[in-house]
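Worksheet: one structure, shown below.
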Amino acid sequence: MTEPTGGTPPLPPQEPAMEPPLSAPPSSWTAPAPAAPQVQAAAVEAGPAPGVAYADTVNRVVAYILDAILFFVVGVLLLSIIVLAIFSGGGVIALIGTVIIAVLSLLGSAVYFIYTWTHMRGSLGQRALGLETVNAADGATLTQNQAIKRWAYMFGPTALGAALGYAPGALGAIGSIIGLLAFFYQIYLLYSVTQSTKRQGYHDVQAGTVVVKRIR
């Protein structure tokens, strides 16, 4: 048919095309979790001299464990047996024996590390793994003052907490708190080692020391 005017009929209006709906993610799909920040160790610098490298963190930890076992078994345990055998009367006498153990353990730790660092260039645990603790500036053997300072920053809080832990009453409780804080301090020292390009922990920086390993 034609319109009365003779024109062609207009086309019916068309609806706009609809975009296909977005498909829902599969039921097994989960949004990726945000990546957690990771603590990475700093890159290690080249050694201070030919054939010498800065000691890695793992070797240093193993050396410390060896020293702890040696010092405890040979030193503290044997000392405790001897002193408690002498002061085994109980009461005040036993307390005196406990205090003697604490004091001698504290002094024994200082003497052991200070002597080996200044006379053997490393503790027995370090020497067993080929490590040396030396002056950071020129690789020389540590002076006594350096060794004392390094021991104080490295073991001082732990030794103080252990010594007070033997005491009775409130003093012993304070020792326990110091021992707990010293544990976290040791973790910080280990962390500071991993973040140094020369593997110098906080205690090394304070004493001007560095731990090295000779490479064959």
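Please read these numbers as outputs of a predicted model, since none were measured by experiment.
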Identify the two heavy atoms, one from [X] and one from [Y], that lie closest to each other, and give their separation to 0.1 Å.
{"X": "Ala53", "Y": "Ile215", "answer": "CB-CD1, 3.4 Å"}
{"X": "Ala128", "Y": "Leu66", "answer": "CB-CD1, 4.5 Å"}
{"X": "Leu106", "Y": "Ala159", "answer": "CD1-CB, 2.9 Å"}

Next item on the list: Could I get the full list of side chain to side chain contact (heavy atoms under 4.5 Å, CB included) partners for Thr57, not counting sequence neighbours?
Entry: Val61, Leu190, Val193, Thr194, Arg199
Margin query: Once side chain to side chain contact (heavy atoms under 4.5 Å, CB included) is applied, do any residues pair with Val205, and if so which ones, sequence neighbours excluded?
Written below: Gln200
Checklist line | CA sep, side-chain torsions, deciding dist, call: Leu131, Val212, side chain to side chain contact (heavy atoms under 4.5 Å, CB included) | finding: CA-CA 6 Å; Leu131 307 183; Val212 297; over 6 Å; no
For [X], give me all partners under side chain to side chain donor-acceptor pair (under 3.5 Å), at least two apart in sequence or on another chain.
{"X": "Thr197", "value": "Glu45"}
{"X": "Thr118", "value": "none"}
{"X": "Thr158", "value": "Gln186"}

Note to self: If you take the centroid of each ring, where Trp contributes its six-membered ring, are Tyr64 and Phe155 closer together than 6.0 Å?
What the structure shows: yes
Notebook entry, point to check: Which residues satisfy the ring pair (Phe, Tyr, Trp, His ring centres under 6.0 Å) test with Phe183, sequence neighbours excluded?
Noted result: none
Next item on the list: Output all residues satisfying ring pair (Phe, Tyr, Trp, His ring centres under 6.0 Å) with Tyr202, sequence neighbours left out; order by chain, then residue number.
Entry: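 Tyr202 satisfies ring pair (Phe, Tyr, Trp, His ring centres under 6.0 Å) with Tyr153, Tyr188 only.
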Checklist line | ILVMFWY clustering at 4.5 Å (side-chain atoms), partners of Val111 | finding: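 For Val111, no cluster forms, as it stays isolated from other hydrophobic side chains.
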Is [Y] reachable from [X] through a run of hydrophobic residues whose side-chain heavy atoms are each under 4.5 Å from the next?
{"X": "Met120", "Y": "Met154", "answer": "yes"}
{"X": "Ile178", "Y": "Phe184", "answer": "no"}
{"X": "Trp151", "Y": "Leu124", "answer": "yes"}
{"X": "Tyr112", "Y": "Leu142", "answer": "yes"}
{"X": "Leu129", "Y": "Val52", "answer": "no"}

Item checked: Any pair counted as ring pair (Phe, Tyr, Trp, His ring centres under 6.0 Å), so long as it reaches residues 116-147, sequence neighbours left out ->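 Listed once each, the pairs are Phe113-Trp117, Tyr115-His119.
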Margin query: Taking Ser192's backbone N and O only, do any of them form a donor-acceptor pair with Gln195's side chain (distance below 3.5 Å, no angle check)?
Written below: no
Margin query: Strictly distance-based, threshold 3.5 Å: is any side-chain N or O of Lys198 a donor or acceptor partner for the main-chain N or O of Tyr54?
Written below: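 Here the side-chain-to-backbone pair does not exist.
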For [range], which residue pairs pass the salt bridge (charged side-chain N to carboxylate O under 4.0 Å, His left out) check, not counting sequence neighbours?
{"range": "residues 111-132", "value": "Arg121-Glu132, Arg127-Glu132, Glu132-Arg214"}
{"range": "residues 103-113", "value": "none"}
{"range": "residues 55-68", "value": "Arg60-Asp204"}

Notebook entry, point to check: Just wondering, do Thr141 and Asn135 contact through their side chains at under 4.5 Å, heavy atoms?
Noted result: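 Contact flag for Asn135/Thr141 side chains = no.
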Note to self: So, taking the atom named CD1 in Ile114 and the one named NZ in Lys149, what distance separates them when rounded to the nearest 0.5 Å?
What the structure shows: 13.5 Å
Item checked: Ile69 side, atom CD1; Ile65 side, atom CD1 - distance, nearest 0.5 Å -> 7.0 Å
Checklist line | Between Gln126 and Thr133, a side-chain donor and acceptor under 3.5 Å | finding: yes
